[in-house]
Protein chains: 2
Amino acid sequence: MTQGVEKSLIEQGVLVDPQSARGRLLTQAARLFRQKGYQSTTVRDLASAVGILSGSLFHHYQNKEAILKAVMVEGIHHTMARMRSELAEEHTTQGRLRALIACELDALNGDWGDAMAVVINEWRFLSDGGQQDILALREEYEQMWLEILYQARKERLITASPKVLRKLLYGAITWTDKWFDSRGKLSYQELTDTILQLAIKPASDP
Amino acid sequence: MTQGVEKSLIEQGVLVDPQSARGRLLTQAARLFRQKGYQSTTVRDLASAVGILSGSLFHHYQNKEAILKAVMVEGIHHTMARMRSELAEEHTTQGRLRALIACELDALNGDWGDAMAVVINEWRFLSDGGQQDILALREEYEQMWLEILYQARKERLITASPKVLRKLLYGAITWTDKWFDSRGKLSYQELTDTILQLAIKPASDP
DNA sequence: TTGCAAACCAAGCGCTTGCTAGGCTAGGTT
DNA sequence: AACCTAGCCTAGCAAGCGCTTGGTTTGCAA
């Protein structure tokens with residue numbers, strides 16, 4: 001299902017084909033930006049990672065920042081598409097909340113982890129204009145969270161303010177990319193459940 | 001009380017007197033490193049912030065990284081001293097846990113927020129040796145958290161694994177420095193309580 | 001008054017950085 | 001056969017970077 005989402009996005013022209021020269025560049029850029037940071041990654045690093053010389057990068061992208069922005073836009077588009085598709089299969093508020101948590105965890109620790117880590121950590125290196133463009137995409141994304149959290153509040157599933165809770169969860173989840181290893185003892189599902197239990201009250205026994 | 005902690009640390013030589021040239025430099029460095037990031041802050045920025053020329057910095061510190069490290073060491077020392085002093089006044093596990101949360105929130109959003117934000121966000125720019133030195137300090141700090149969380153688990157105050165819970169709380173709390181404004185609607189106490197409620201089960205009514 | 005160390009300045013070196021200009025080549029179109 | 005364009009290379013520029021060196025000023029102690 002995830003594969004299907006990805007493929008249709010490529011055909012729509014939203015994502016760049018990862019097989020193409022541009023696509024390979026973005027993949028490598030995401031990896032390097034995450035690993036070394038945007039500023040510590042030189043255009044020479046980027047170029048040699050895809051087997052070309054530094055000057056040739058600027059045939060594909062206007063400047064270094066445009067590469068950063070492209071990585072971010074791809075990551076967000078992919079994550080949102082993924083999230084919509086998973087939400088469509090959940091019909092309880094708790095299930096939908098769990099799906100959000102699982103998606104955000106996977107966005108950071110799965111195949112698209114590099115790109116999403118860059119979205120979060122290299123944000124400040126975009127120019128003002130670039131930040132606004134990305135912000136517009138992210139607000140749409142945050143809206144999905146808030147809608148479900150407001151619903152959860154109505155159903156007394158959560159007690160905290162949705163806006164505050166969202167920010168706390170955001171911090172907790174995004175930080176996992178610094179410590180969580182999906183091949184370790186703690187499974188992906190256990191972590192999802194632990195975070196879900198932070199957010200909601202335990203089910204009141206009859 | 002906080003003032004007292006600070007003063008005695010200065011007299012012990014653990015902290016640099018903030019009035020001195022070195023101290024003013026560290027204060028400004030923390031501010032700039034937080035605001036612009038370590039790499040984007042040039043030695044010329046640092047120098048002009050304290051009213052000297054760039055070359056004169058190296059009379060006080062061997063190189064730029066030494067300034068970063070000094071900012072971090074000061075921040076951690078201060079935060080730990082503060083934490084110990086507050087923990088000494090709490091005698092219930094829940095009270096102690098709340099104190100930890102409050103201290104960590106205040107460390108990031110109060111007077112020493114700049115230095116602590118640098119500890120968290122500019123970590124990677126230390127050399128390997130520098131990272132290990134700071135790590136040794138931080139492990140001591142984390143131990144204080146873990147001891148109390150293990151105790152809370154014994155008392156069935158929390159259900160999650162202490163280690164995992166600590167990391168989730170760490171992410172949630174440190175992220176507050178990106179959004180929390182202590183002059184806003186949400187008070188410092190409310191935020192502390194909200195986070196505490198995430199960690200612990202609600203008190204079971206009799 | 002002299003001596004001395006801490007603090008700072010003036011000038012610039014060596015290096016890396018993002019980016020540019022102009023030319024070459026292979027593959028497809030007309 | 002002539003042309004075009006996407007993709008890459010070669011060579012290097014201008015700017016900014018951390019840091020060094022040698023000299024000057026300042027404040028305090030003897």
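Per chain, numbering begins at 1; letters A, B, ... match sequence-line order. Computation of the quantities below employed the complete heavy-atom set of this structure, encompassing side-chain atoms and omitting hydrogens, waters and symmetry-equivalent molecules.
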Whether the side chain of A/Thr42 engages the backbone of A/Asp45 through a donor-acceptor N/O pair (distance < 3.5 Å, no angle test) should be reported.
yes
Using atom CZ of A/Arg24 as one end and atom P of D/dG7 as the other, report the distance to the nearest whole Å.
11 Å
Within residues 37-44 of chain B: residues closer than 4.0 Å to DNA chain D (heavy atoms):
B/Thr41, B/Thr42, B/Val43, B/Arg44
Taking the nucleotide of DNA chain C with the nearest heavy atom to each, does A/Gln62 or A/Asp45 sit closer to the 5' end?
A/Asp45
Could you state the CG-P distance from A/Leu68 to C/dT17, rounded to the nearest angstrom?
17 Å
Quick check: does any side chain N or O of A/Asp106 sit under 3.5 Å from a backbone N or O of A/Ala102, one acting as donor and the other as acceptor?
no
For C/dA7, does either OP1 or OP2 sit under 4.0 Å from a side-chain N or O belonging to B/His59?
yes
Closer than 4.0 Å, any side-chain N/O of A/Ser56 to the OP1 or OP2 of D/dG7?
no
Per B/Arg22 side chain, nearest of listed nucleotides C/dC19, D/dG7, C/dA7:
C/dA7
Using a cut-off of 6.0 Å, state whether more than 12 heavy atoms not belonging to A/Lys154 lie near its atom NZ.
no
Residue B/Glu155 excluded, over 12 heavy atoms near CD under 6.0 Å
yes
Phosphate-side-chain proximity, B/His60 and C/dC8, N/O vs OP1/OP2 below 4.0 Å
yes
Check whether more than 12 heavy atoms from other residues, nucleotides or ligands sit under 6.0 Å from atom CD of A/Glu142, and answer yes or no.
yes
Of the candidates D/dG18, C/dC19, D/dC9, the side chain of B/Lys64 sits closest to D/dG18
Please say which of A/Thr92, A/Thr192, A/Asp193 ends up in a side chain to side chain donor-acceptor pair (under 3.5 Å) with A/Arg98.
A/Asp193
